[in-house]
Structure formats: structure tokens, C-alpha cells
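Read the structure below first, then the notes.
Along the sequence shown, residues carry numbers from 1.
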Amino acid sequence: MDDRQRYDRATAHLDPPFAVLDLEALRSNASAMLRRAGGKPIRVASKSIRSRPLLERVLAMDGFAGIMAFTLPEALWLVSTGLRDVLVAYPTTDREALTELAADPVAAREITLTIDSPEHLDLIDTVVGLGRHEIRICLDIDAGFVAFGGRFRAGAHRSPVREPDHAADLAATVAKRPGFRLVGVMAYEAQIAGLGDDRPGNPALTGAVRLVQARSRRELLVRRGRIVQAVARIADLEFVNGGGTGSIDVTAREKAVTEIAAGSGFFHPRLFDFYRGFTGRPAALFALPVVRRPAPGVVTVLGGGYHASGPPGRDRLPHPHLPQGLRYAPGEGAGEVQTPLLGPAADDLRTGDRVWFRHAKAGELCEHFAALHLVEGEEVVETVPTYRGEGRTFL
């Protein structure tokens, strides 16, 4: 039985649209991630999961420890439900959440805030003042690759802190400020971890990506090591976080890095098909029903306009996965309420049949569905809520 038959049979009692998670594929992907990590723990990126029961399930596996959250309100909620060791990987300016953090001894002990400027410390002091519970701090370091005197850059625009002396100055500032404790350093090499190096159809671009990634790896290996050494002279660091799904094996080889951040690898969305160094199994999918057959070689499904974030382009659209051989109509793409699909496979579909899609990115899929139906073999064994299903929308 192929995957399409299996998913259709497992979900025959459900009316699409809905989303599923293949548990066997999830476990296979998790095992592959751990092998690539080479014994270093993986901190689970919640933005790629966005389901609290799934976070609990993943963290129960050996080798995964801690959560990388994307907002402070999310971190506070996760800790309130019993989850622990949450790193908020993006600076916060949420005054209400900061007040709650400073007043809650459990949250203050389990949540670490990320900063890249003394202004972040100033804002926290302005909001909550002194005499609060000590707030744990992590420094965010720029991991981008810069060349030609700054005229070329690859990587996310995150932190202004780039060199060892800059990091040491900020660490010293944290150490001098009452009410703060510096416990970690993080750096996300987006140009390696989040950019596929095996994209079909454009050999020139693929070659350029591989060249930049190779040079970036060498540069960051040295620079991150020096940054960690400089900061460690000022504070006792509990962790140094780096990487992402696309660079687990490379980042894990750096001695300065103590843990890897990863999340997309569990679901293996479409954008992660284009890497040489690893392969995964599509685990998260969503089904849309065929509602029209307007012409030979054409079917129309309900909904489908679940575009992923990032630079606009066709690679940010969901991918028609099963049955194989379907493509978007050039003038319409993925629509808000309906999506035409073209191709020979359309003629074998009837009204009410399902088309199975993969989202371009991982956790953003869960912003469109209240639940994930967990498939084991040929049956749905459990249905778990997403963040949305629990009434939580953090961004």
C-alpha cells in the first residue's frame, strides 16, 4: 500500500481540509537528526512544531533537551503547562510578559531571554525595575557571512554583535547590571542551516551557494570559537547554541557549540528537500478536497493559499504531493478559497477525493489547522491540538 492509499484509509472518517502527522516518519526523522548531532543534545525549535503535545512527545525522546521559543508569551505559557528550559531566541519588548516573568520564580528560573544590545536590558529595567527575580540572559551573535569589505552578505540580519570584543563588551555590561545573569550564547547560521545546497534546475546558483557555505563554515568556526572564549572569561556559560536542521552535522563538530537548535527536521517540509547532506521523510501533510472538475486535466480543490514566510516565490507555496503529477495553474497559484491544479493525474480524481499537500515550511502549517491527526500505519491513533487549537496565537 502506498502512502496515498494509507493516508486515505486512515482518514476516511474525516472531512478535509485537515492536517496529519505520520508518526513513523517523525520518528525516522528524529533518529536521523540525532545521528547527525553526534551526541550533542538538540534543543527543539517550537516555531517548527507549534503543538504543545507534540513538543512533549519529542522531548520525551532521548537526545532532545530544552525548547527554543519564538516569543516570551509563548515561553510563559509553555512553562505554565509544565515544560522546562525554554530559550526565547528573539528579543522581546512585551511589557506585560516581562512583568509576568519577573514576578514568577518558576518562569524566571526556566526561561532565558535573548538580547543583542544594552537597550534590551534598559527596557527590561524600565518595565520591571529592581528587586525582581533574576532574569537569565543569552547573547545573540551575528553568524552571517560577510565578504568584500561588507559589500556582500549571506545570512539573516539578526544581531549587531559580531566580533569577540563586541561580545565581551556586551557580556561585561550584563555582568555589571543587577538582576541579570548571563548564561548562554547563541548564533544562527541561516545561510547554511536554512538554505538548500542542492536545488535542481540552476547549477550556477547551486555552485554559488555551496561556495559561500563552505567559506562561511570555515569563517564561523574560528569566529564563534573566539567569541565563546571571550564571553566565557566574563560569565559561566551553561550553553552555546548553534545551527539548525540544515547544518546539524556541521555545527555539531564545532567544539565551542554545546547544543544544536533544530525543528524543521521533524516534519521535513518541502524546502528541506534540497540538501545534499541529508534526506528526510515528509511527516506533516494536509489534505484538501476536490470540489470541481472544470476541464480535462484540471481539478479544483477547496482552499490552499497557505503561503510560507520568506522571500516571495513559487518555492513558498505548498507542494501538491499526492497523487504525483499535479501542478499549479500559472495565473492562479494557491488560492484563498480555491486552488486549480493541472496535470494528467487530475483526470483520475473525482469530486470528493483528497489531494495531499506538503507545506513549504514546518510550523507555519499549524497556523491554519486547529489539530493534527497522528497517523500510525493505516489508522489515526490520536488527535492533538496545535497552538491555534488551544486558542494560542503568538504572532
Any donor-acceptor pair under 3.5 Å linking the side-chain atoms of Thr112 with those of Arg136?
yes
Hey, are the side chains of Leu121 and Thr173 touching, using non-hydrogen atoms and a 4.5 Å cut-off?
yes
Flag side-chain contact, heavy atom, 4.5 Å: Pro53 against Glu390
yes
Whether His359 side chain and Lys361 backbone form a donor-acceptor pair below 3.5 Å:
yes
In this structure, which one of Thr92, Val174, Ile135 forms a side chain to side chain contact (heavy atoms under 4.5 Å, CB included) with Ile115?
Val174
If the test is salt bridge (charged side-chain N to carboxylate O under 4.0 Å, His left out), which one of Asp8, Asp3, Asp2 qualifies with Arg6?
Asp3
Beyond-backbone contact of Val146 with Phe152, side-chain heavy atoms, under 4.5 angstrom:
no
So, Tyr188 and Asp140: side-chain donor and acceptor under 3.5 Å apart, yes or no?
no
Test the Arg43-Phe64 pair against the cation-pi criterion, namely NZ or CZ under 6.0 angstrom from the six-membered ring centroid and within 45° of the ring axis.
no
Contact check, side chains of Pro320 and Arg327, non-hydrogen atoms, under 4.5 Å:
no
When Tyr306, Phe369, Phe18, Phe286 are each screened for ring-ring contact (aromatic ring centres under 6.0 Å, His included) with Phe357, the one that passes is Phe286
Start with the C-alpha gap between Glu24 and Arg27, add the side-chain angles, then the distance that decides, and say whether salt bridge (Lys or Arg N to Asp or Glu O under 4.0 Å) holds.
CA-CA 5 Å; Glu24 182 182 351; Arg27 290 192 294 268; 5.7 Å; no
Let's go through Arg392 and Glu74 carefully: what are the C-alpha distance in whole Å and the side-chain angles of both, what is the deciding distance for salt bridge (Lys or Arg N to Asp or Glu O under 4.0 Å) to 0.1 Å, and is it a yes or a no?
CA-CA 8 Å; Arg392 304 287 174 165; Glu74 176 205 15; over 6 Å; no
Is it the case that more than 12 heavy atoms not belonging to Arg95 sit under 6.0 Å from its CZ atom?
no
Looking at Phe394, does the NZ or CZ of Arg50 lie under 6.0 angstrom from its six-membered ring centre and within 45 degrees of the ring axis?
no
Does any donor atom in the side chain of Glu189 or Thr251 lie under 3.5 Å from an acceptor atom in the other side chain?
yes
Tell me, do Thr245 and Tyr275 make a side-chain contact under 4.5 Å, heavy atoms counted?
no
Mind listing the closest non-hydrogen atom pair of Pro17 and Leu288 along with its distance?
CB-CD2, 3.7 Å
If you round to the nearest 0.5 Å, how far is CG of Leu182 from CD1 of Ile234?
8.5 Å
Give a yes-or-no answer on whether the side chains of Ser46 and Arg52 include a donor-acceptor pair shorter than 3.5 Å.
no
For Leu372 and Cys366, work out which heavy atoms get closest and say how close.
CD1-SG, 3.9 Å
Which atoms form the tightest heavy-atom contact between Leu326 and Ala346, and what is the distance?
CD2-N, 3.7 Å
Can you tell me if Glu163 has over 12 outside heavy atoms packed within less than 6.0 Å of its CD?
yes
Non-hydrogen atoms of Ile111 and Val88 that approach each other most closely:
CG2-CG2, 3.9 Å
Under 6.0 Å from the ring centre and within 45 degrees of the ring axis: does the NZ or CZ of Arg215 meet both conditions for the six-membered ring of Phe148?
no
Where do Pro340 and Gly333 come nearest, in terms of heavy atoms and distance?
CD-O, 4.3 Å
Decide yes or no for Leu98 and Leu113: does some side-chain heavy atom of the first lie under 4.5 Å from some side-chain heavy atom of the second?
yes
Does Leu302 reach the side chain of Gln338, with side-chain heavy atoms less than 4.5 Å apart?
no
Please walk me through it: do Arg109 and Asp104 pass salt bridge (Lys or Arg N to Asp or Glu O under 4.0 Å)?
CA-CA 9 Å; Arg109 184 177 67 246; Asp104 184 341; over 6 Å; no
Residue Arg9 excluded, over 12 heavy atoms near CZ under 6.0 Å
no
Is the CZ atom of Arg226 crowded by more than 12 outside heavy atoms at less than 6.0 Å?
no
Taking CD in Glu119 as the centre, count heavy atoms belonging to other residues, nucleotides or ligands within less than 6.0 Å. Is the count above 12?
no
What do the steps show when you test Asp197 against Arg276 for salt bridge (Lys or Arg N to Asp or Glu O under 4.0 Å), and what is the final call?
CA-CA 6 Å; Asp197 64 349; Arg276 288 185 300 166; 3.2 Å; yes
Check whether any side-chain heavy atom of Tyr328 lies under 4.5 Å from a side-chain heavy atom of Leu342, and answer yes or no.
no
Of the non-hydrogen atoms in Ser159 and Val161, which two are nearest, and what is the gap between them?
OG-N, 2.9 Å
